[in-house]
Amino acid sequence: MVLQYETTGVKGVKIVQGVPVKFYERLLTQDFFSTLRDLERITRDDRAEALQVRAAAQEAYNKGDIPKYRNETKEIRGSPWKVNKKRPDDLKFQYAELVSPVSKASRIKRGFDAITRHGLHINGYYAAVFFADGEDAESPFFIPNVLEGQLNLHLALRNELEIEGYPTKQIIPAVKYRPRGIHLDEVNVLVDDKPISAMVFDLALFYLPNLKQLQSNGSNPYFYIPKLETPQDAAYVAKNQKNLEDSTNQARGTIHNSLIIETAPALVHMDEFAHELKDYVGEYSFGRYDMLFHMLMTFARHSDKILPDEKFVSMDSPFLALAQASMVDVCYRRGIYPQGGMEAWVPQKDRKANADISEKIRVGALGELKKYMTGKWILHPDSVDDIITVFMAGMNGKPFHDYSPSGIHPNENLLFKYPTGLVTQEDTKLSGYFALGYLADFFGGNGASQMKMKMFDAAVVEIQTFKLSERKNKGILFDDTETPVTLDWMVEMLDEQEAELIKEGKNPEHIKMAKALLGERLRSTDPGKHIIADAYQIISEQRSL
């Protein structure tokens, strides 16, 4: 399908045809488009440069290199400085961060309700934050997801969101918004006849229409910045946020960022990220699932690196434990709060099953607490109380741990040393199941997918796809059968998983689309890059966004 565009009334800006009037009334104003155009023009070359730096680095990794600390930024890593950003009062305690897609209004209302009912008060502030996810927990259909999600947030921040079963007026907690990464285009909006940066669009659409209301609520625009790889990426984010502040006559540091440390190169650039974003960054969060898939992507052509079955790749695995410890050390050295990663377990209706899940959630939170984390992500509102209870007891109501940073940067070879373990057919079949299942939901417009008592975002399909490609492309044997991993075996396995997922209620047409995309990836010897970007391209070609 070829997208058809129409003018916006602002010179140089076009938008896909068919956007309903309600979005123009609340979000897509002439002032918005004018500022958006200026932002994109100012930073378009910066983004192109950052993406070129990424591509050049990946070429080196493909030839056997690994991410390394940069000599030219040695002074930044070695100097005793701290970020300028201080945590705002309503972000002081972030024991639980409730991650939620926002295209479904009920998820926002339920999330706000869970935080304000269960998010214990500490000195007048809640100990939980609403993490509005416009990236990995959302499928990027333009009108029903991207725009509808932003409009839902816009209304919720004003207590104008009406959903049956919830009062219109609620206590509004602190809200963070996660935009899409800088590698993605927003093909539905053109500036000078070129697709704009999805990140610029998302940042501007949350910031500009909501700034005054957020401040009236006693808050400010808060963001979760994903998938940074290089200092150039961080500089690009900082430049856009400075331009947003300047366009609205706001003081430097009005915006507050949390950064997700979730790519392999990020592990050697954490000091540089903080230096580039020193006016904005308040937290680093360790993204285990994204980190794993990014390592698989980064080292896809390293024949000596094979990721074993999932049971051998826990947060206690030496390379993940070292990576997280390195992040913690950088955080405490630079005045940044370290946050833990995702808790995927979902509460169940069965009382016994739910008790078991609750215990798993608390054990996971305790593990993060022991590693000096100051909070943790959760995907389900009913888990807020479990997470807060653990962190409240473990931190005695404080926002920070007592921790003395070493200032030592781990050796790169140790950071990127995979754990040892078995590669089995059973685990590979699970990878096929999760990859097909998530992609099917994604093609159906859902970015958060529940399977086997867990809730997943886009990271799950990236991990499983790269794991499947790696096992097929690197010529290995299954340890449990001593037979080779072949394309024929993969095709037969996907047929089996297709039948199981359809039996469980997944949409057959969406499963068919998922299987076609996954099969195309597996038939190639090129491991490719983000499969979600490929899925997004299919969405843009086949459906009106």
Side-chain angles (χ1 to χ4, degrees), residues 61 66-69 97 136 226-229 258-270 273 283-300 302 304-332 336 338-345 360-361 363-379 401 403 405-406 408-423 427 430-431 434 454 456-467 470-471:
Y61 306 147
I66 62 174
K68 293 185 175 70
Y69 301 108
E97 296 184 283
D136 277 359
K227 295 180 175 59
L228 298 185
E229 295 187 25
S258 301
L259 301 190
I260 312 172
I261 303 302
E262 57 182 343
T263 70
L267 295 176
V268 295
H269 297 314
M270 289 185 285
F273 291 171
E283 297 85 32
Y284 277 1
S285 177
F286 191 82
R288 171 202 170 194
Y289 290 105
D290 285 273
M291 180 64 71
L292 285 173
F293 103 68
H294 204 277
M295 285 197 178
L296 285 163
M297 183 171 69
T298 301
F299 304 124
H302 288 226
D304 61 325
K305 291 187 182 295
I306 305 291
L307 197 71
D309 288 2
E310 184 177 355
K311 67 182 179 181
F312 299 104
V313 193
S314 72
M315 281 305 300
D316 294 322
S317 302
F319 82 129
L320 285 178
L322 181 62
Q324 189 177 40
S326 178
M327 186 196 82
V328 169
D329 206 70
V330 170
C331 285
Y332 282 96
I336 297 170
Q339 296 288 105
M342 184 72 74
E343 182 52 71
W345 289 107
K360 290 177 186 293
I361 291 170
V363 168
L366 185 61
E368 299 276 30
L369 185 68
K370 290 179 178 179
K371 294 174 182 175
Y372 300 99
M373 298 294 134
T374 58
K376 184 173 176 60
W377 295 10
I378 49 173
L379 277 168
H401 290 281
Y403 178 90
S406 69
I408 297 173
H409 293 85
N411 179 276
E412 299 102 321
N413 290 308
L414 293 178
L415 277 174
F416 304 117
K417 184 178 181 180
Y418 279 17
T420 57
L422 302 178
V423 172
D427 181 83
L430 275 176
S431 292
F434 287 125
K454 289 185 176 182
F456 298 100
D457 64 13
V460 68
V461 70
E462 301 286 9
I463 293 172
Q464 309 307 343
T465 301
F466 277 103
K467 193 161 76 169
E470 176 178 86
R471 293 181 176 187

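Basis for what follows: all heavy atoms, side chains included, without hydrogens, waters or symmetry-related copies.
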Are any of the side-chain heavy atoms of H269 and L228 separated by less than 4.5 Å?
no

Nearest 0.5 Å, what's the CE-CE distance between M291 and M327?
9.0 Å

Taking all non-hydrogen atoms of both residues into account, name the closest pair between T298 and A264 and its distance.
OG1-CB, 3.8 Å

Quick check: closest heavy atoms across L320 and S314, and the distance to 0.1 Å?
CD1-O, 3.5 Å

Are there over 12 heavy-atom neighbours, none belonging to E310, within less than 6.0 Å of that residue's CD?
no

Under a 4.5 Å cut-off applied to non-hydrogen side-chain atoms, are Y61 and P265 in contact?
yes

Please report the closest heavy-atom contact between P410 and L415, naming both atoms and the distance.
CB-CG, 4.0 Å

Measuring from F466:CZ to H294:NE2, what's the distance to the nearest 0.5 Å?
8.5 Å

Measuring from L307:CG to I463:CD1, what's the distance to the nearest 0.5 Å?
8.5 Å

Does a salt bridge link D309 with K467, judged by any charged N lying under 4.0 Å from a carboxylate O?
no

Do Q324 side-chain atoms and M315 backbone N/O form a donor-acceptor pair below 3.5 Å?
no

If we ignore hydrogens and angles and just use 3.5 Å, is the side chain of K305 paired with the main-chain N or O of F416 as donor and acceptor?
yes

So do I66 and H302 actually touch side chain to side chain, heavy atoms under 4.5 Å?
yes

Do I261 and V330 make a side-chain contact, defined as non-hydrogen atoms from C-beta onward lying under 4.5 Å apart?
no

Is there a side-chain contact between D136 and K227 (heavy atoms, below 4.5 Å)?
yes

side-chain contact (heavy atoms from CB on, under 4.5 Å) between D457 and L379, intermediate numbers included
CA-CA 9 Å; D457 64 13; L379 277 168; 5.6 Å; no

Would L296 and Q464 count as a side-chain contact (heavy atoms from CB on, under 4.5 Å) here? Give the steps.
CA-CA 10 Å; L296 285 163; Q464 309 307 343; over 6 Å; no

Where do F312 and L422 come nearest, in terms of heavy atoms and distance?
CE1-N, 3.2 Å

With a 4.5 Å limit on heavy-atom distance, are the side chains of I408 and D329 in contact?
no

Please round to the nearest 0.5 Å and tell me the distance separating atom NZ of K68 and atom CG of L267.
14.5 Å

Just verifying a value: how many Å separate T465 OG1 and E470 CD, rounded to the nearest 0.5 Å?
12.5 Å

When rounded to the nearest 0.5 angstrom, what is the spacing between CZ in F286 and CG in L259?
14.0 Å

Yes or no on side-chain contact (heavy atoms from CB on, under 4.5 Å) for H401 and T374, after CA distance, side-chain angles and deciding distance?
CA-CA 7 Å; H401 290 281; T374 58; 4.0 Å; yes

Any idea how F456 and Y289 line up, ring-wise: parallel (<30°), tilted (30 to 60°), or perpendicular (>60°)?
perpendicular

Any donor-acceptor N or O pair under 3.5 Å, side chains S285, Q339:
no

Within the distance-only criterion (no hydrogens, no angle test), does the side chain of Y332 pair as donor or acceptor with the backbone N or O of Y372 below 3.5 angstrom?
yes

Checking side-chain contact (heavy atoms from CB on, under 4.5 Å) for the pair V328/M373: CA distance, chi angles, key distance, verdict?
CA-CA 8 Å; V328 169; M373 298 294 134; 3.2 Å; yes

Report yes if some heavy atom in the side chain of F299 is under 4.5 Å from a heavy atom in the side chain of P67; otherwise report no.
yes

Indicate yes or no: at least one non-hydrogen side-chain atom of I260 is less than 4.5 angstrom from one of D290.
no

Students often mix this up, so state it plainly: with edges at 30° and 60°, are the rings of Y418 and F319 parallel, tilted or perpendicular?
tilted

So does K417 have more than 12 non-hydrogen atoms from other groups sitting under 6.0 Å from NZ?
no

